[in-house]
Amino acid sequence: MSPAGRDRILGRIRAIPEGFVRSYGDVSPGAPRLAGTVLSATDDASVPWHRVVRADGSLAKGSRQRTLLEAEGVPFRGQRVDMRAARLPDL
């Protein structure tokens with residue numbers, strides 16, 4: 001992946017405001033796994049990794065991610081983020 005592509009994905013993640021989420025596919029259209037790869041290789045504390053969830057609202061990082069999202073007021077329906085309420089509209 002090019003540095004520009006990586007920076008574009010990280011920029012989209014940094015742009016997610018507190019209290020909202022986006023899916024991996026939202027931040028990397030057509031290549032959602034690429035967003036996961038970029039996040040797994042990033043240790044920059046300014047990247048709100050916890051605001052990126054699976055398209056169905058499930059969490060890749062489990063209770064740690066849920067704790068951070070709940071602290072921001074992100075609504076859940078059972079074990080999943082309520083995507084209708086918390087998903088940020090398209091870029």
Side-chain angles (χ1 to χ4, degrees):
M1 154 166 262
S2 72
R6 179 184 162 279
D7 290 345
R8 186 171 35 258
I9 290 171
L10 291 175
R12 288 177 179 159
I13 295 168
R14 284 188 182 102
I16 304 169
E18 186 174 317
F20 291 92
V21 297
R22 284 196 184 275
S23 72
Y24 288 94
D26 292 338
V27 297
S28 182
R33 289 182 183 217
L34 184 56
T37 299
V38 168
L39 276 174
S40 70
T42 302
D43 60 359
D44 183 343
S46 72
V47 178
W49 61 269
H50 59 284
R51 295 180 189 151
V52 182
V53 301
R54 296 179 182 125
D56 66 358
S58 63
L59 306 177
K61 296 293 184 177
S63 63
R64 178 175 173 218
Q65 187 174 13
R66 183 176 181 128
T67 298
L68 293 169
L69 291 172
E70 286 180 329
E72 294 184 356
V74 172
F76 281 78
R77 299 184 96 188
Q79 296 299 310
R80 298 173 188 226
V81 170
D82 183 348
M83 295 299 277
R84 287 186 296 188
R87 188 179 199 172
L88 197 62
D90 289 335
L91 299 170

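Position 1 is the first residue of the sequence, and the numbers go up from there.
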_Is it true that D44 and T42 share a donor-acceptor pair across their side chains at a distance under 3.5 Å?_
no
*Under the side chain to side chain donor-acceptor pair (under 3.5 Å) test, which residues partner D43, sequence neighbours left out?*
none
*If you take all heavy atoms of R22 and I16, which pair is closest and at what distance?*
CB-CD1, 3.8 Å
*Answer yes if L68 and F20 sit in the same cluster of Ile, Leu, Val, Met, Phe, Trp and Tyr residues linked by side chain heavy atoms under 4.5 Å apart, and no otherwise.*
yes
_Under the rule for side chain to side chain donor-acceptor pair (under 3.5 Å), what residues qualify as partners of R77, not counting sequence neighbours?_
none
*Got a sec, which pairs hit salt bridge (Lys or Arg N to Asp or Glu O under 4.0 Å) with one end in residues 60-76, sequence neighbours left out?*
R51-E72, R66-E70
*Heavy atoms only: give me the nearest V27-R12 pair and the separation to one decimal.*
O-NH1, 3.2 Å
*Do the side chains of L59 and L88 join up, straight or via other hydrophobic residues, at under 4.5 Å, putting them in one cluster?*
no
*Given side chains that start at C-beta, do those of R33 and Y24 come closer than 4.5 Å, heavy atoms only?*
no
_Heavy-atom pair of closest approach, residues R14 and P48_ = CA-CD, 3.8 Å
*Work out which heavy atom in V74 is nearest to a heavy atom in A86; give both atom names and the distance.*
CG1-CB, 3.9 Å
_Minimum-distance pair of heavy atoms, taken over all atoms of S28 and A31_ = OG-O, 2.8 Å
*Is V21 linked to F76 within one hydrophobic cluster, defined over Ile, Leu, Val, Met, Phe, Trp and Tyr using a side-chain heavy-atom separation of less than 4.5 Å?*
yes
*Please round to the nearest 0.5 Å and tell me the distance separating atom CG of L10 and atom CH2 of W49.*
14.5 Å
*Would you check if the side chain of D26 reaches a backbone N or O of S23 as a donor-acceptor pair within less than 3.5 Å?*
yes
*asked:* If hydrophobic clusters are built by linking Ile, Leu, Val, Met, Phe, Trp and Tyr wherever their side-chain heavy atoms come under 4.5 Å apart, do I9 and V52 end up in the same one?
replied: yes
*asked:* Can you tell me how far apart CG (L69) and CD (E18) are? Round to the nearest 0.5 Å.
replied: 10.5 Å
